[in-house]
Q: 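Quick one: the structure is below, questions incoming.
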Amino acid sequence: MNVLKLSAAALVASVAFTGAAAARDQIQIAGSSTVLPYASIVAEAFGENTDFPTPVVESGGSGAGRKKLCEGVGENTIDIANSSSRIKQSDIDTCAANGVKEIQEVRIGYDGIVFASDISGPEYAFTPADWHSALAAKIVKDGKLIDNPNKAWNEVRADLPAQPILAFIPGTKHGTREVFDEKVIVDGCKEDGTYEALLAENAGDKDKASKACMQIRTDGVSVDIDGDYTETLARVAANKNGIGVFGLSFYQNNTDKLRVGTMNGVVPSVESIASGEYPVSRPLYFYVKNAHLDVVPGLQEYVEFFVSDEMAGPDGPLAAYGLVSDPELAKTQAAVKARTPMGPLK
């Protein structure tokens, strides 16, 4: 790993948290399973290249991580929440109500959501409309809104493989699910004509129509995976007809087991995501509790280390693992150095 040895920063004095006797000496991080491998790489390098302890990085999902971040201020609460979807205003409001007044939003780069099946299975060329027509609870057929009858992919579209529909998608606590719902299911709902029918059914209410688009069938064709991508991979391995939803970097590290499908004719890759050509990509974040920066030893240093050119730049170890480097990384570095808190979401 080509990471320069950092000069040892002065250890932060033991400062009491509100209502606690003494500060922790180890950074605590939880959240997204997509961000987990990147954060683990950084945490290990941070422990090796500084005089601070290696941070503890746990998973649990983006929503769960943000919930933990917002539990309050103190040594029994986490310092950072990793997230593969952007924080919600409701999270920010919960944080504020529990005394977490300032949060930093740190964008670390970009990732793509890919659709992959067993390496020995057929090739798939998907569109968002295919996924909506396969998984939605209701679709339009012959001009009528009906319960989804499709059982095989070639019933969705004639030129898709004649293979039973079986999808392993992220559970609702995962940030990947939010992006999947918005960029695949809702977009597909609009493409296949179901959105207009749902809009009419909901008296023109766009929010209700979008929520109705995201209603997934419950007949066993779509399976929520609450664990991380390793569980999805195990399901695909055990069910050769299954197609899993993965992050790009996870797929890239399992190309010996998985065959990836295209989306709108584009092969997912670091290059197609960086160029914006691949349609299902998303920024990755972590959120920092500013009240802990001068209390937990090494927290500010860890945040700066994470977004340094040596770690998050295009030639760093995160890019080698599959992260698409942020073209505005310098702006993030400046914001981190200034400890700039985020404001309300628009």
Side-chain angles (χ1 to χ4, degrees), residues 17 24 26-43 46 55-111 170 172-179 182 228 247 282-308 311-312 318 323 326 328-329 331-346:
F17 281 114
R24 272 188 281 103
Q26 197 167 27
I27 298 164
Q28 301 285 335
I29 304 165
S32 166
S33 57
T34 301
V35 180
L36 176 67
Y38 302 124
S40 299
I41 289 168
V42 175
F46 185 73
V56 175
V57 186
E58 296 179 343
S59 187
S62 298
R66 298 196 302 258
K67 184 178 179 181
K68 280 188 172 184
L69 187 79
C70 293
E71 287 176 352
V73 174
E75 67 174 329
N76 294 323
T77 65
I78 65 171
D79 309 305
I80 292 175
N82 294 328
S83 188
S84 61
S85 59
R86 200 176 190 204
I87 197 170
K88 298 178 179 179
Q89 184 60 46
S90 59
D91 296 321
I92 297 172
D93 294 342
T94 299
C95 272
N98 291 331
V100 183
K101 303 296 185 183
E102 290 192 350
I103 305 167
Q104 274 187 75
E105 179 178 72
V106 182
R107 189 174 65 204
I108 66 168
Y110 292 83
D111 187 27
T172 54
K173 70 179 181 177
H174 290 289
T176 304
R177 176 60 173 269
E178 295 176 35
V179 181
E182 292 169 7
D228 59 20
R282 49 28 189 319
L284 302 179
Y285 304 92
F286 63 81
Y287 292 91
V288 185
K289 193 179 295 180
N290 273 11
H292 285 195
L293 286 172
D294 289 325
V295 182
V296 177
L299 183 56
Q300 176 68 24
E301 289 81 358
Y302 169 83
V303 177
E304 292 185 15
F305 184 82
F306 199 125
V307 298
S308 66
M311 291 304 301
L318 302 188
L323 184 73
D326 192 339
E328 296 186 339
L329 186 60
K331 186 185 293 185
T332 298
Q333 292 167 347
V336 161
K337 195 169 185 63
R339 304 183 174 190
T340 306
M342 68 183 302
L345 299 182
K346 297 178 180 179

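The model shown is predicted, which means the values in this text are computed figures rather than measured ones.
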Q: Check P283 against Y285 and note the closest heavy-atom contact, atom names and distance.
A: CG-OH, 3.3 Å

Q: For the residue pair E102 and T340, establish whether any side-chain heavy-atom pair is separated by less than 4.5 Å.
A: no

Q: Name all residues meeting the side chain to side chain contact (heavy atoms under 4.5 Å, CB included) criterion together with S33; count only those two or more places apart in sequence or in a different chain, and write none if there are none.
A: S59, H174, D228

Q: Checking S85 now: which residues fulfil side-chain hydrogen bond (donor to acceptor under 3.5 Å, both in side chains) with it, not counting sequence neighbours?
A: R66, E178

Q: In Å, rounded to the nearest 0.5 Å, how long is the span from CG of N82 to CG of L284?
A: 9.5 Å

Q: Listed by chain and number, what are the side chain to side chain contact (heavy atoms under 4.5 Å, CB included) partners of V307, not counting sequence neighbours?
A: V106, L329, T332, Q333, V336

Q: Find out whether I108 and F306 are in side-chain contact, i.e. whether some heavy atom of one side chain is under 4.5 Å from a heavy atom of the other.
A: yes

Q: Apply salt bridge (charged side-chain N to carboxylate O under 4.0 Å, His left out) to R107 and list each qualifying residue two or more places apart in sequence or on a separate chain.
A: D326, E328

Q: Might you work through the side-chain contact (heavy atoms from CB on, under 4.5 Å) test for V288 and I103, ending with a clear yes or no?
A: CA-CA 6 Å; V288 185; I103 305 167; over 6 Å; no

Q: Is there a side-chain contact between L69 and I80, using heavy atoms and a 4.5 Å cut-off?
A: no

Q: Might you point out which heavy atoms bring G74 and H292 nearest each other, and give the distance in Å?
A: N-NE2, 3.2 Å

Q: Any salt bridge linking R86 with D91? Criterion: basic side-chain nitrogen under 4.0 Å from a carboxylate oxygen.
A: no

Q: Parallel, tilted or perpendicular for F46 and Y302, by the 30°/60° rule?
A: perpendicular

Q: Checking Q104 now: which residues fulfil side-chain hydrogen bond (donor to acceptor under 3.5 Å, both in side chains) with it, not counting sequence neighbours?
A: N290

Q: Are any side-chain N or O atoms of N98 and backbone N or O atoms of C70, one a donor and one an acceptor, separated by less than 3.5 Å?
A: yes

Q: Yes or no on side-chain contact (heavy atoms from CB on, under 4.5 Å) for I87 and M342, after CA distance, side-chain angles and deciding distance?
A: CA-CA 11 Å; I87 197 170; M342 68 183 302; 3.7 Å; yes

Q: If the condition is side chain to side chain contact (heavy atoms under 4.5 Å, CB included), which residues does K67 pass it with, not counting sequence neighbours?
A: none

Q: Donor-acceptor pair, distance only, cut-off 3.5 Å: does the side chain of S62 make one with the backbone of G31?
A: no

Q: To check you understand the geometry: which heavy-atom pair defines the closest contact between G65 and I78, and what is its length?
A: O-CD1, 3.6 Å

Q: What pairs with T172 under side chain to side chain contact (heavy atoms under 4.5 Å, CB included), at least two apart in sequence or on another chain?
A: R177, D224

Q: Any chance you could lay out the side-chain contact (heavy atoms from CB on, under 4.5 Å) test for D111 and S84, step after step, and finish with the verdict?
A: CA-CA 9 Å; D111 187 27; S84 61; over 6 Å; no

Q: Could you list the residues that satisfy side-chain hydrogen bond (donor to acceptor under 3.5 Å, both in side chains) with Y38, not counting sequence neighbours?
A: S249

Q: Using only heavy-atom distances, determine whether the side chains of T77 and K289 contain a donor-acceptor pair under 3.5 Å.
A: yes

Q: Backbone N or O of Q28 within a donor-acceptor pair of the D79 side chain at under 3.5 Å?
A: yes

Q: Indicate the atoms forming the closest heavy-atom contact of I29 with P55, along with that distance.
A: CD1-CB, 4.0 Å

Q: Taking all non-hydrogen atoms of both residues into account, name the closest pair between V295 and P297 and its distance.
A: O-CD, 3.3 Å

Q: List the residues meeting side-chain hydrogen bond (donor to acceptor under 3.5 Å, both in side chains) with Y287, not counting sequence neighbours, and say none if there are none.
A: E105

Q: Could you please spell out the steps behind the side-chain contact (heavy atoms from CB on, under 4.5 Å) verdict for F305 and V42?
A: CA-CA 8 Å; F305 184 82; V42 175; 3.7 Å; yes

Q: Let me confirm one number: the CD1-CG distance from I41 to L36, rounded to the nearest 0.5 Å.
A: 10.0 Å

Q: Please tell me whether S83 and S32 have a donor and an acceptor in their side chains that are separated by less than 3.5 angstrom.
A: no

